[in-house]
Amino acid sequence: MAISAVARQAEPFVLERAAGRRAEREKGTKAMTRSAILGVGSYVPSRVVTNDDLAKLMTTSDEWIFQRTGIKERRFIEHSGIGASDLAVPAAKAAMDEIDAIVFATLSPDFNFPGSGCLLGDKLGMAGKPALDVRNQCSGFLYGLSVADAWIRAGMYERVLVVGSEVHSTGIEFNDRGRDVAVLFGDGAGAVVIGRSRDDEHGLLSMCLHADGSAAKVLWLELPASAYVPRLPPEMMAEGRHYPRMNGKQVFRWATEKMPEVALEALGKANLNISDVDLFVPHQANMRINQLVAWRLEIPEEKVLHNIEKFGNTTAATIPMALDRAFKEDRIHAGSVVLFAAFGAGFTWAAGVVKF
Ligand code: ACO
């Protein structure tokens with residue numbers, strides 16, 4: 001598949017932008033105290049990998065994967081040499097306006113350093129513009145959004161590109177030892193552009209962030225590690241410690257507890273209730289996690305966005321990819337209240353409320 005088209009979803013943003021600028025002119029004032037999402041785009045590589053494809057590499061089955069996770073297929077990069085910043089280029093171009101700064105959320109940066117934000121800036125011809133990498137895994141996009149929001153509200157920048165992009169397929173162990181993790185992840189990218197809201201009633205109404213490093217080793221990728229000499233000890237690599245390791249049950253338990261908690265916190269901060277939510281866009285780690293979270297929040301199924309079936313868990317890319325899909329499916333309109341919530345390695349968890 002090529003670049004995720006933005007024709008349909010771009011329209012409300014163009015309108016919002018125009019309305020915002022008109023409101024500023026009419027008021028003769030500049031500052032609004034809120035930021036808003038002004039554009040969105042996404043991109044996935046063309047290579048579709050089904051559960052049956054994975055079953056050829058490890059002892060698993062379409063039935064096992066689908067029943068426990070809701071995943072049917074995912075996308076993988078077509079060949080070696082494509083990094084997170086490469087996937088981000090078409091997503092960013094689809095979302096783009098005139099950009100002053102980049103926030104790049106990823107757990108699979110192209111290289112250990114420099115950050116993928118610098119690489120993306122170069123690929124977009126943005127020499128000299130600041131670029132910041134955020135390393136908060138599945139919560140990375142919401143953490144990045146909070147940084148962009150603060151920059152906009154502080155008047156530091158006018159337009160900030162917030163990207164979530166992941167290439168997982170080059171870092172997964174495709175055998176029985178890694179099968180619990182291998183079946184979950186896919187490659188992809190999503191991006192939004194953040195700028196000033198047209199008024200105080202619309203835009204990013206609240207954002208709540210949390211972390212608890214005591215659970216760091218429940219879901220982690222140990223190597224390469226600056227704590228070890230050498231950073232890639234051969235005996236540890238022989239044990240597969242350069243692949244992600246996870247206690248799935250613990251992740252499941254924490255995610256289904258923390259996501260509802262932080263979602264309610266964000267709604268409370270925005271002075272809203274569950275009944276005010278028009279669309280819930282949770283991180284897509286597991287369909288069963290999201291169903292349980294929605295049930296605990298008493299959000300009806302028709303207000304919950306799922307895209308895990310086709311893309312798996314794309315970590316930091318997931319929420320902007322899902323948002324792009326929501327616009328394509330015409331599920332967000334002027335005035336829609338959208339609730340985001342995420343949980344991931346760290347542990348980290350976050351939620352935000354946006355009124356479009
Ligand atoms: N195919 C077939 N069998 C498998 C697979 C597989 N892919 N993976 C594990 N199994 C086996 C296990 O070995 C185990 O076998 P055993 O009973 O003989 O020991 C059996 O299936 C059951 O394993 P469990 O781990 O108990 O399965 P569970 O029902 O907990 O489901 C799952 C596993 C799907 C991973 C679930 O725990 C989950 O989704 N957890 C959340 C994970 C998650 O969201 N992680 C990403 C966070 S995102 C981030 O920040 C990076």
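None of the values given here were measured: they were computed from a predicted structure. Remember, it's 1-based here, ligands and their atoms both numbered in the order they're listed.
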field: Which of the ligand 1 atoms, numbered from 1, are nearer than 4.0 Å to a heavy atom of Val183
entry: 7 (N)
query: Which protein non-hydrogen atom lies closest to atom 47 (C) of ligand 1, naming both residue and atom, and how far is it?
result: Leu219 CD2, 3.5 Å
query: Are any of the side-chain heavy atoms of Val353 and Val338 separated by less than 4.5 Å?
result: no
message: Suppose we measure from atom 44 (O) of ligand 1 to each protein heavy atom; which comes out shortest, and what is that distance?
response: Ala285 CB, 3.3 Å
- prompt: Counting only heavy atoms not in Lys129, do more than 12 sit closer than 6.0 Å to its NZ atom?
  reply: yes
- prompt: side chain to side chain contact (heavy atoms under 4.5 Å, CB included) with Arg245: which residues, sequence neighbours excluded?
  reply: Glu173, Arg177, Trp220, Tyr243
statement: Partner of Phe141 under side chain to side chain contact (heavy atoms under 4.5 Å, CB included), picked from Asn136, Thr318, Val192, is Val192
task: Return yes or no for this condition: an N or O of Gly344 is under 3.5 Å from an N or O of ligand 1.
output: no
message: Do Lys258 and Phe347 form a cation-pi contact, if we require the NZ or CZ to be under 6.0 Å from the six-membered ring centre and within 45 degrees of the ring's axis?
response: no
- prompt: Going by the angle between their ring planes, with limits at 30° and 60°, are Trp151 and Tyr157 parallel, tilted or perpendicular?
  reply: perpendicular
query: With a cut-off of 6.0 Å (strictly less than), are more than 12 heavy atoms of other residues, nucleotides or ligands near CD of Glu63?
result: no
query: Going by the order shown, which atoms of ligand 1 are within less than 4.0 Å of some heavy atom of Ala345?
result: 49 (C), 50 (O)
task: Select the closest option to atom 22 (C) of ligand 1 among Trp64, Trp349, Phe185, Phe343, judged by heavy-atom distance.
output: Trp64
message: Taking OH in Tyr228 as the centre, count heavy atoms belonging to other residues, nucleotides or ligands within less than 6.0 Å. Is the count above 12?
response: yes
task: Begin with the C-alpha distance, continue with both residues' side-chain angles, and end with the deciding distance and a verdict on ring-ring contact (aromatic ring centres under 6.0 Å, His included) for Phe252 and Phe343.
output: CA-CA 10 Å; Phe252 196 100; Phe343 181 89; over 10 Å; no
query: What is the nearest protein non-hydrogen atom to atom 40 (N) of ligand 1, stated with its residue, atom name and distance?
result: Gly248 O, 2.9 Å
query: With only distance considered, is Thr60 within less than 3.5 Å of ligand 1 through an N or O on each side?
result: yes
- request: May I ask you to identify the nearest protein heavy atom to atom 35 (C) of ligand 1, giving residue, atom name and distance to one decimal place in Å?
  value: Met246 CE, 3.6 Å
- request: Give the single entry among Asn313, Thr314, Asn286 that approaches atom 39 (O) of ligand 1 most closely by any heavy atom.
  value: Asn286
- request: Return yes when Ile289 approaches ligand 1 closer than 4.0 angstrom through a heavy atom, no otherwise.
  value: yes
- request: Flag atom 19 (O) of ligand 1 as yes if some protein heavy-atom distance to it falls below 4.0 Å, otherwise no.
  value: no
message: Less than 4.0 Å from atom 16 (P) of ligand 1, is there any heavy atom belonging to the protein?
response: no
- prompt: From atom 8 (N) of ligand 1, is the closest protein heavy-atom distance below 4.0 Å?
  reply: yes
message: Taking side-chain hydrogen bond (donor to acceptor under 3.5 Å, both in side chains) as the criterion, tell me which of Thr106, Asp122, Asp110 meets it with Ser85.
response: Asp110
- prompt: Which ligand 1 atoms are under 4.0 Å away from a heavy-atom of Thr69?
  reply: 34 (C)
Arg196 bridged to Glu158 by N-O distance under 4.0 Å: yes
- request: Specify whether the nearest protein heavy atom to atom 42 (C) of ligand 1 is under 4.0 angstrom away.
  value: yes
- prompt: Any side-chain heavy atom of Gln284 within less than 4.5 Å of one from His306?
  reply: yes
message: Quick check on Gln250: does its CD atom have over 12 non-hydrogen neighbours (other residues, nucleotides or ligands) under 6.0 Å away?
response: yes
message: Need the ligand 1 atom indices (1-based, order shown) with element for anything under 4.0 Å from a heavy-atom of Cys138.
response: 48 (S), 49 (C), 50 (O), 51 (C)
query: Looking only at non-hydrogen atoms, which of His283, Arg68, Glu166 approaches atom 31 (O) of ligand 1 most closely?
result: Arg68
- prompt: Thr59 heavy atoms, cut-off 4.0 Å: which ligand 1 atoms fall inside?
  reply: 1 (N), 2 (C)
- prompt: For ligand 1, is any non-hydrogen atom under 4.0 Å from Trp254's backbone (N, CA, C, O), its side chain (CB onward), both, or neither?
  reply: neither
query: Nearest non-hydrogen atom to atom 28 (P) of ligand 1 belongs to which of Met58, Lys249, Arg179?
result: Lys249
